[in-house]
Structure formats: C-alpha cells, structure tokens
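Below: one structure, written as structure tokens.
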Amino acid sequence: MLDLPNPDFVRIHNLAESAYLDLASQNNPGHAAYTCITLAEVELRLENYDAALGYVRKGLLELPAGIPGPRVSLFSQEAKILFRMGNEAESKFQLELAIQHMESIAPSKELAENWGEIARVFVEVGQQDRAIYAYEKAISVAAMSQAEQEDFAKIYG
C-alpha cells in the first residue's frame, strides 16, 4: 500500500498498528516486527523521524534472537532513518550490523531480498561501491537459493 500513488498514510498506519497489536497478543514477534517496519516507513515518509526510530527500536527490542529475517530489515530501516536525521556515522554502523547479520544466514529468497534492500540504502547514503557489492550479493544469494531449491526438488520431487 505504501508504493501506491498517493498512499493514505493515516489508514496504512492504523492498519499496521492494529496488525501489530494482534500479532503481539498472539505471541508472533517475527510478524509483529515486520509491522514495526511498516509503521517506521510511514513515519519516515511523514518525516516523523523520532517516531520512525521508535518503531524500529521497538521491533528490535521485542524480536527474539532466533528470528533472523526481520532483524536485517529493521537494521536497514534504522540506517535510513538515521541518515535522514543527519547521523551518517550511526547509519553506516547499522548497515554494517545488517551485513554482519546476513553473513550468518543460509541462502534464501528472503536473504537475497535483504541484500537488495541493503543495496538501496547504500545508494541513498551515497555509498555506490557498497551498493554494487550488496546487489552482487543479492544476485549471488538468489542463484544459490535457486540451485538449492532445484537440488531439493530432484531429491524429494
């Protein structure tokens, strides 16, 4: 909904907040963290940087260590927010945290998407060389993931 022309930020925020409350009450921290990312993005687009940062930090705080996917997205979202707030050093630090975290995750479609997400943030913060590296990793991980899926299909198909 955020990528539609003229998104209704109030409606998106209300839906995401409702989803967050439902997911949190159902003890589903992974999906709740993804809603924190959406809430942070809404606030970022409205230039409510402190509120956006609050949602990211809430998601990171409540996310158990064993759930890797949303953590990368939360780190990259935090990097975007910090950069727009003028905290370039902190922003770059968060990007490096995201990369360190991704290095320990097995190849998957989600990991390839995370590398692409990190690449877009590197472009935004003006680090084109790091963006190219991240895009190359996205392509490489996607290829590895596809090869593993094909091998799995041959074995169990």
Side-chain angles (χ1 to χ4, degrees), residues 1-9 12-13 16 19-20 23 29-153:
M1 289 174 53
L2 284 168
D3 294 327
L4 293 173
N6 304 312
D8 182 346
F9 292 123
I12 295 167
H13 185 277
Y20 171 80
L23 292 164
H31 288 99
Y34 281 116
T35 61
C36 285
I37 296 163
T38 301
L39 288 162
E41 183 64 27
V42 167
E43 296 299 336
L44 179 64
R45 292 186 188 192
L46 293 171
E47 298 181 1
N48 298 328
Y49 302 124
D50 290 331
L53 203 52
Y55 283 116
V56 168
R57 293 189 173 155
K58 175 187 261 195
L60 285 168
L61 182 68
E62 296 173 359
L63 187 64
I67 303 176
R71 190 170 315 282
V72 172
S73 294
L74 287 162
F75 284 148
S76 66
Q77 186 73 18
E78 186 170 11
K80 271 195 317 190
I81 296 163
L82 290 167
F83 180 77
R84 291 199 191 161
M85 292 175 82
N87 300 330
E88 290 184 42
E90 287 181 67
S91 174
K92 291 174 185 175
F93 179 78
Q94 288 306 112
L95 287 170
E96 293 306 318
L97 275 178
I99 288 172
Q100 287 175 1
H101 186 70
M102 288 189 300
E103 299 285 345
S104 67
I105 300 174
S108 66
K109 180 182 176 190
E110 182 179 23
L111 182 62
E113 290 169 358
N114 287 149
W115 277 109
E117 183 180 320
I118 292 295
R120 287 185 293 281
V121 178
F122 275 128
V123 168
E124 185 171 335
V125 301
Q127 292 190 320
Q128 281 69 24
D129 290 344
R130 297 292 283 156
I132 291 168
Y133 168 79
Y135 278 126
E136 288 171 347
K137 288 292 283 188
I139 293 166
S140 169
V141 168
M144 284 190 286
S145 176
Q146 181 64 33
E148 286 179 0
Q149 290 173 10
E150 289 170 6
D151 289 343
F152 184 80

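Side chains included, hydrogens not; waters and symmetry mates left out as well; all remaining heavy atoms used. Positions are given from 1, in the same order as the sequence printed here. Note that the structure is a prediction, hence the values are computed from the model and not measured.
Residues Glu43 and Tyr49 are not in side-chain contact: their nearest non-hydrogen atoms beyond the backbone lie 4.5 Å or more apart. Side-chain contact between Leu97 and His101: absent, with no pair of heavy atoms (C-beta onward) separated by less than 4.5 Å. Side-chain atoms of Leu111 and Met102, non-hydrogen and from C-beta on, do get closer than 4.5 Å to each other. Residues Glu124 and Arg84 have side chains in contact (heavy-atom distance under 4.5 Å, counting atoms from C-beta outward). Counting heavy atoms from C-beta outward, Asn48 and Phe9 have side chains that stay 4.5 Å or more apart. Between Val72 and Ile105, the closest side-chain pair of non-hydrogen atoms falls below 4.5 Å. Side-chain contact check for Phe83 versus Glu88: some heavy-atom pair is nearer than 4.5 Å.
In terms of heavy-atom proximity, Ile118 sits nearest to Ala98 at CD1-CB, 3.5 Å. The shortest heavy-atom contact between Leu63 and Gly30 is CD1-CA, 3.9 Å. The minimum heavy-atom distance between Val141 and Pro107, with the atom names listed, is CG1-CA, 4.0 Å. Closest heavy-atom contact between Tyr34 and Ser73: CE2-OG, 4.4 Å. Closest non-hydrogen pair, Val123 versus Ala131, comes out as CG2-CB, 3.5 Å. Closest of all the heavy-atom pairs between Ala33 and Pro70 is CB-CB, 3.7 Å.
Atom CZ of Phe93 has 12 or fewer heavy atoms from other residues, nucleotides or ligands within 6.0 Å. No more than 12 heavy-atom neighbours from other residues, nucleotides or ligands sit within 6.0 angstrom of NE2 on His31.
Note that the SG atom of Cys36 and the OH atom of Tyr20 stand 5.0 Å from one another [nearest 0.5 Å]. Taking NZ of Lys137 as the start and CE of Met144 as the end, the distance is 6.0 Å to the nearest 0.5 Å. One distance of note links CG of Leu53 with CE of Met85; it measures 5.5 Å at 0.5 Å rounding. With values rounded to the nearest 0.5 angstrom, Glu41 atom CD is found 3.5 Å from Lys80 atom NZ. Here the CD atom belonging to Glu117 is positioned 9.5 Å from the CD atom belonging to Glu110, to the nearest 0.5 angstrom. Note that CG of Leu95 is 9.5 Å distant from CG of Leu82, once rounded to the nearest 0.5 Å.
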Salt bridge (charged side-chain N to carboxylate O under 4.0 Å, His left out) evaluation trace for Arg130 with Glu96: CA-CA 10 Å; Arg130 297 292 283 156; Glu96 293 306 318; 2.8 Å; yes

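Residues passing the side-chain contact (heavy atoms from CB on, under 4.5 Å) test with Leu60 are Val56, Arg71, Leu74, Phe75, Glu78, sequence neighbours excluded.
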